[in-house]
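Values below: all heavy atoms of this structure, side chains included; hydrogens, waters and symmetry mates excluded. Computed from a predicted structure; not experimentally measured.
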Amino acid sequence: MNIASIVVDVPARQIDKPFDYLIPDHLIGVIQPGMRVIVPFGPRKIQGFVTGLKETSDYKQLKALIEPMDLTPVLNNELLALGDWLTETTLCYKISAYQVMIPPALKAKYEKKLKLSSTANLEELPFDIQSIFNNQDTVSWEEAVKLSSLSFLQKEAAEGNIEIQYIVKDRVKKKKLKAIYSLLSKEQLSFEKENLPAHVVKQKKVIDFFLHSDSPVEMRELLSALGVTTSVIKGLIQKKILAEMEIEVYRDPYEDRNFTRTEPLPLTEDQENSIRPILASIEENKNETFLLYGVTGSGKTEVYLQSIQKVLQDGKEAIVLVPEISLTPQMVRRFKGRFGDQVAVLHSGLSVGEKYDEWRKIQRQEVKVVVGARSAIFAPFQNLGIIIIDEEHETSYKQEENPKYHARDVAIQRSIKHNCPVVLGSATPSLDSYARAQKGVYKLLAMPKRMNNQSLPAVEIIDMREELRDGNRSMFSRTLLEKIKDRLEKKEQIVLFLNKRGHSSFVMCRDCGYVVNCHNCDISLTYHRFNQLMKCHYCGYEAAAPKHCPECNSEHIRYFGTGTQKVEEELSKILPEAKVIRMDVDTTSRKGSHEKLLDQFQEGQADILLGTQMIAKGLDFPNITLVGVLSADTMLHLPDFRSSEKTFQLLTQVSGRAGRHELEGEVVIQTYTPEHYSVELAGEQDYRKFYAQEMIVRKIHKYPPFYYISLITVSHEELLKAVSVTEKITAYIQSKLSKDSICLGPVASPIPRINNRYRYQCLIKYKREPELNKSLKKMLDNYQQEIISGGLQISVDVNPFILM
DNA sequence: AGCACGCCGACT
DNA sequence: GTCGGCGTGCTC
């Protein structure tokens with residue numbers, strides 16, 4: 001086995017296959033599948049993943065790999081196979097599939113440098129070279145090109161005066177600390193101490209310390225404990241009494257936090273009935289998927305916790321996925337509280353280094369449970385006993401970049417390999433999952449009652465058109481305002497929800513109707529008040545907010561649509577006594593600010609919590625008795641077949657924040673379309689009715705869960721090129737489909753232009769097309785040349801979540 | 001993706 | 001003549 005098949009770090013179609021390399025003699029037996037290695041590739045050096053070992057290769061002139069980047073494989077056999085599966089199902093490159101499974105810290109960093117040839121004599125070299133190197137023996141390539149010219153460097157390299165160096169590195173190093181330990185036995189230490197002159201007080205103090213300590217001590221600790229400086233320690237090291245070593249430590253994001261231990265709670269009847277089949281499944285090593293449908297406040301988390309407990313008792317591991325925005329400290333506390341330091345946490349708030357360390361704890365089997373966002377589904381456990389996906393309907397489980405995978409699909413795929421159950425939990429299951437539960441593909445577990453039998457909050461729907469007719473032009477209906485005032489008086493807390501950050505969604509001239517659009521994209525600019533700028537959320541374009549209409553020069557510029565910033569301003573005007581905390585991307589971008597704001601709210605430092613999406617989930621504060629949804633329809637009119645579903649889910653989730661404890665809760669939903677079934681049924685909190693209604697709509701329009709869909713998006717700087725390519729693709733795919741399938745296109749994408757590229761798409765709807773992925777791959781191969789050199793981009797999304 | 005190689009026009 | 005532009009093809 002002296003040949004390794006290696007997938008190299010080049011995301012391109014032609015390179016998307018294993019390359020064979022010789023394993024140098026001294027590395028035979030060391031190199032294993034799943035390891036990262038450095039290999040020569042053309043003139044450079046790059047990273048690659050070993051996918052297999054073999055005796056022979058069809059390729060004649062093999063190069064030898066250079067060295068491994070890991071001591072143990074970063075991908076085990078299961079994950080390597082999972083990578084192949086990802087490649088097949090999402091049509092991504094193998095390398096992208098492997099990269100997504102490991103922490104970003106392990107992604108290679110490349111450096112290109114120029115080095116003076118060891119044989120060259122500095123004095124004899126041309127003056128130009130001396131000035132580039134400026135007495136150093138290496139400089140960065142970029143620096144050198146700036147100081148001279150490409151051709152000059154090439155010529156000098158050819159003559160052997162300089163050489164090009166390619167360096168492959170990890171992005172993050174392991175964190176190491178200096179520690180001090182004793183080289184001598186206790187007796188020898190005492191002896192040395194006696195021999196020291198009387199005035200050497202500090203060194204004696206240090207020796208005393210080691211007379212009572214056997215293990216190495218962290219340098220920092222030692223210094224602060226004894227009040228000495230490094231020079232004292234250095235003296236002892238020189239005398240060969242002590243020695244220095246480096247110990248590897250984890251960066252602990254939750255270092256200075258104490259988690260109070262919690263014990264399993266007694267279960268309600270609902271919980272009892274739901275957990276029984278899950279426990280049985282764990283017991284019998286059965287591969288089953290459960291849909292745990294429990295209303296908000298029904299206690300799904302306790303079911304998760306006790307299921308995990310069972311898994312741990314059996315000596316197995318658990319993965320818990322939680323949507324990024326509800327991966328709050330509150331949530332972490334619940335898991336760490338129950339399982340202590342057996343829990344690793346993975347989310348985007350961690351630094352690259354912290355993520356790496358949490359991942360290593362999993363890899364080294366030092367933890368048994370991982371709680372994390374989407375990518376935690378790839379946690380390198382060996383003995384999975386359960387996978388839990390909380391809020392399974394959340395769209396953030398679908399990755400929108402390559403590989404465009406859905407964590408739910410990956411979870412099920414992994415559960416097959418591990419013979420373990422998957423639990424999908426939600427108060428508002430996705431239509432797809434609920435339909436599968438209805439068909440018996442998933443096992444439905446229902447928890448229709450809240451714990452302690454609290455009733456679900458009463459919901460009132462307010463027709464904002466009527467308010468307008470009655471002359472109320474503010475963003476608060478009279479009912480909502482009244483109720484807010486009432487709660488302020490009673491010192492109870494209020495949550496106001498608005499699905500839009502910033503200030504206004506678009507800016508229009510009232511005289512001529514001109515809307516300020518982005519120069520590069522076909523989308524209106526969003527006004528941000530604090531810096532008086534108009535921003536494009538797609539390409540980042542910024543412009544000053546106009547004072548006059550750019551078209552007709554009128555001064556009647558109006559800001560339409562309401563964002564959280566604007567609501568905050570308005571609140572301070574009409575209810576100056578109310579203390580408001582605003583939570584959106586803008587106020588929580590700093591590390592830890594999310595937690596701080598929530599803590600403030602919990603401690604009662606504010607009356608009103610005003611926020612976007614991120615407050616819709618997981619909040620569980622006893623004093624919240626009123627939830628106001630300022631505008632229920634913001635997502636309803638998006639060009640997306642799931643917009644009704646998303647609206648219903650969001651409204652139901654937000655409503656669930658009210659009255660979770662002793663105090664009764666109330667919800668006010670303001671809307672311009674009260675007659676829409678997703679608003680109406682969210683008001684009634686009737687999931688099953690909504691499901692029935694929405695299924696009819698999906699069936700008529702041939703959308704999931706009745707049909708699968710795949711979306712091809714073509715983009716090009718020239719409109720005609722984009723259209724013509726999409727046209728050809730549509731025709732080609734159409735010819736490969738069976739009669740029952742539908743291929744729609746070419747149509748302009750909902751955002752027809754982003755960053756000066758025109759976008760056209762083709763939508764495929766099908767029930768069964770086992771050959772579709774093959775056809776799509778062939779199509780991509782066919783356009784390979786134009787993608788590389790013709791400025792063409794083609795993206796394929798199998799089971800897309802957003803159709804933009 | 002990078003990088004070398006090669007072929008063509010513009011210039012010291 | 002040569003420098004430097006970019007189109008083409010290869011990377012175990």
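A donor and an acceptor atom, one from each side chain of N782(A) and Y732(A), are nowhere located under 3.5 Å apart.
Sorted by first and then second residue, the ring-ring contact (aromatic ring centres under 6.0 Å, His included) pairs involving residues 73-100 of chain A (not counting sequence neighbours) are F49(A)-Y98(A). Pairs passing the salt bridge (Lys or Arg N to Asp or Glu O under 4.0 Å) check and including a residue from residues 100-112 of chain A, sequence neighbours excluded, read E111(A)-K113(A), E111(A)-K169(A). Screening residues 27-56 of chain A for salt bridge (Lys or Arg N to Asp or Glu O under 4.0 Å) gives D20(A)-K54(A), R36(A)-D70(A), R36(A)-D170(A) as the qualifying pairs, with residues at least two apart or on separate chains. Among residues at least two apart or in separate chains, ring-ring contact (aromatic ring centres under 6.0 Å, His included) pairs with a member in residues 11-32 of chain A are F19(A)-F41(A).
Partners of Y707(A) by side-chain contact (heavy atoms from CB on, under 4.5 Å), not counting sequence neighbours, listed by chain and number: K702(A), K765(A), K767(A). With sequence neighbours excluded, the residues forming a side-chain contact (heavy atoms from CB on, under 4.5 Å) with S375(A) are Y405(A), listed by chain and number. Partners of D797(A) according to the side-chain contact (heavy atoms from CB on, under 4.5 Å) rule, which considers only residues two or more places apart in sequence or in another chain, are K398(A), E400(A), K404(A), P800(A). Taking the side-chain contact (heavy atoms from CB on, under 4.5 Å) definition, one finds that L719(A) meets it with V723(A), Y758(A), Y760(A), sequence neighbours left out.
Within the 4.0 angstrom heavy-atom criterion, no nucleotide atom of any strand lies near P18(A).
In 5' to 3' order, the nucleotides of DNA chain C bounding all contacts with chain A (an atom under 4.0 Å from a heavy atom) are dG4(C) to dC12(C).
In this structure, R642(A) forms a cation-pi arrangement with F801(A), its terminal cationic atom sitting closer than 6.0 Å to the ring centre and no more than 45° off the ring axis.
Residues T72(A) and Q363(A) are in side-chain contact: their nearest non-hydrogen atoms beyond the backbone lie under 4.5 Å apart.
Taken residue by residue, residues 45-61 of chain A places heavy atoms nearer than 4.0 Å to DNA chain C at Y59(A), Q61(A). Residues from residues 96-105 of chain A placing a heavy atom under 4.0 Å of any atom in DNA chain C do not occur.
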Nucleotide by nucleotide, nucleotides 1-12 of chain B touches protein heavy atoms under 4.0 Å in the pattern (B base, S sugar-phosphate only, - none) BSSS--------

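Residue I377(A) comes nearest to L321(A) through the heavy atom pair N-CD2, 3.7 Å, listed as atom of the first residue, atom of the second, then distance.
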